Amino acid sequence: MRLCLCVCTMVQTVVVLCLIIQHIHCAVVSNSELDIKTDDNFDWRNYGVITPVSDQGQLGSAMDFVIAEEVESLYAIKTKTKAILLSRNEVADCCDNPDTHQPIFDGFGCIEAIGGLCSDSTYKSHTGKCQNNTCTPIGKVTGTGYIPTGREDFMKKVIHIAPIAAWIDASQSSFQIYTSGIYSDPRCSSTQLDHAVQIVGYGTEAGVDYWTVKNSWGAGWGEQGYMRIQRGQNMCGIATLAFYPIEK
Ligand SMILES: *[C@@H]1O[C@H](CO)[C@@H](O)[C@H](O)[C@H]1NC(C)=O
């Protein structure tokens with residue numbers, strides 16, 4: 001067993017650096033994951049396990065949305081049902097840290113600690129205070145899998161288990177005004193990460209490999225709320241701090 005211990009506190013850049021170190025040390029590639037067969041194209045949206053695109057508005061951080069999306073997708077995959085909306089407000093109230101505005105770096109550990117995530121219709125309002133005893137949790141998590149930093153080849157296999165959560169750099173204006181196509185911008189950083197997305201699939205178009213990512217800026221942004229982002233160059237740090245939930 002590996003001991004993964006890294007105290008990630010203080011300002012965001014320190015947290016990110018610390019997390020990169022943690023990923024390098026903690027991400028263990030197992031044989032069963034390496035045995036996964038990949039395809040030319042793959043998209044979890046074709047399996048009914050992805051909920052409609054959200055608009056995060058003023059609520060918390062994008063990672064609050066991504067954590068909820070990851071748990072609802074995993075639950076749908078495990079139970080072979082269509083994904084239902086789980087509570088972003090519960091993630092924000094219970095797992096984000098409103099005092100320090102730190103990014104949540106152990107989102108799935110928190111979901112496990114609070115006993116799972118309730119549906120969006122049963123845990124409604126965002127109060128800033130965790131009220132996990134007011135509803136019945138649906139989506140459960142028992143662990144976190146980490147993508148070794150930069151290993152997009154491994155990520156392509158693991159995504160067949162479940163969609164993947166990733167911190168990315170979304171600070172370039174080219175990112176913010178993206179409308180369609182395969183996004184690539186050499187100014188996009190692989191270490192200054194300020195946003196989060198859910199990676200739902202991959203493919204190749206006209207010889208260019210891409211990841212398909214779900215954003216939380218409404219369905220009017222990008223390709224119906226999604227972006228295809230170049231794959232194979234750790235574009236915008238998509239494989240720098242990527243992880244996924246596990247439920248045994
Ligand atoms: C709510 O979360 C706390 C940890 O913050 C946990 O001890 C408790 O069991 C949870 N309650 C329910 C009903 O799951």
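Treat the numbers as computed from the prediction; the structure is a model and nothing was measured. Each residue takes its place number in the sequence, starting with 1. Whatever order the structure lists them in is the order used to number ligands and atoms, beginning at 1.
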> Are Cys110 and Cys94 within a span of less than 2.5 Å, counting SG to SG?
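Their SG atoms do not fall under 2.5 Å; no disulfide, then.
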> Taking the six-membered ring for Trp and the full ring for Phe, Tyr or His, determine whether the centres of Trp221 and Phe175 are under 6.0 Å apart.
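Yes; Phe175 has its ring centre under 6.0 Å from that of Trp221.
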> Which pairs count as salt bridge (Lys or Arg N to Asp or Glu O under 4.0 Å) when at least one residue sits in residues 206-215, sequence neighbours excluded?
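Passing the test, one end in residues 206-215: Glu69-Lys214, Asp209-Arg231.
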> What salt bridge (Lys or Arg N to Asp or Glu O under 4.0 Å) pairs are there with at least one residue in residues 153-174, not counting sequence neighbours?
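Every pair satisfying salt bridge (Lys or Arg N to Asp or Glu O under 4.0 Å) with a residue in residues 153-174: Arg151-Asp153.
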> Could you check whether the rings of Tyr202 and Trp211 sit parallel, tilted or perpendicular, using 30° and 60° as the cut-offs?
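If you compare the ring of Tyr202 with that of Trp211, the planes turn out perpendicular.
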> Apart from Tyr210 itself, what residues make up its hydrophobic cluster when side-chain heavy atoms of I, L, V, M, F, W and Y under 4.5 Å apart count as a link, directly or indirectly?
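Ile182, Val208, listed by chain and number.
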> Tabulate distances under 3.5 Å between N/O atoms of ligand 1 and N/O atoms of the protein, writing both atom names on each line.
unit_1	atom_1	unit_2	atom_2	d
ligand 1	2 (O)	Asn132	ND2	2.3
ligand 1	11 (N)	Asn132	ND2	3.0
ligand 1	14 (O)	Ile114	O	3.2

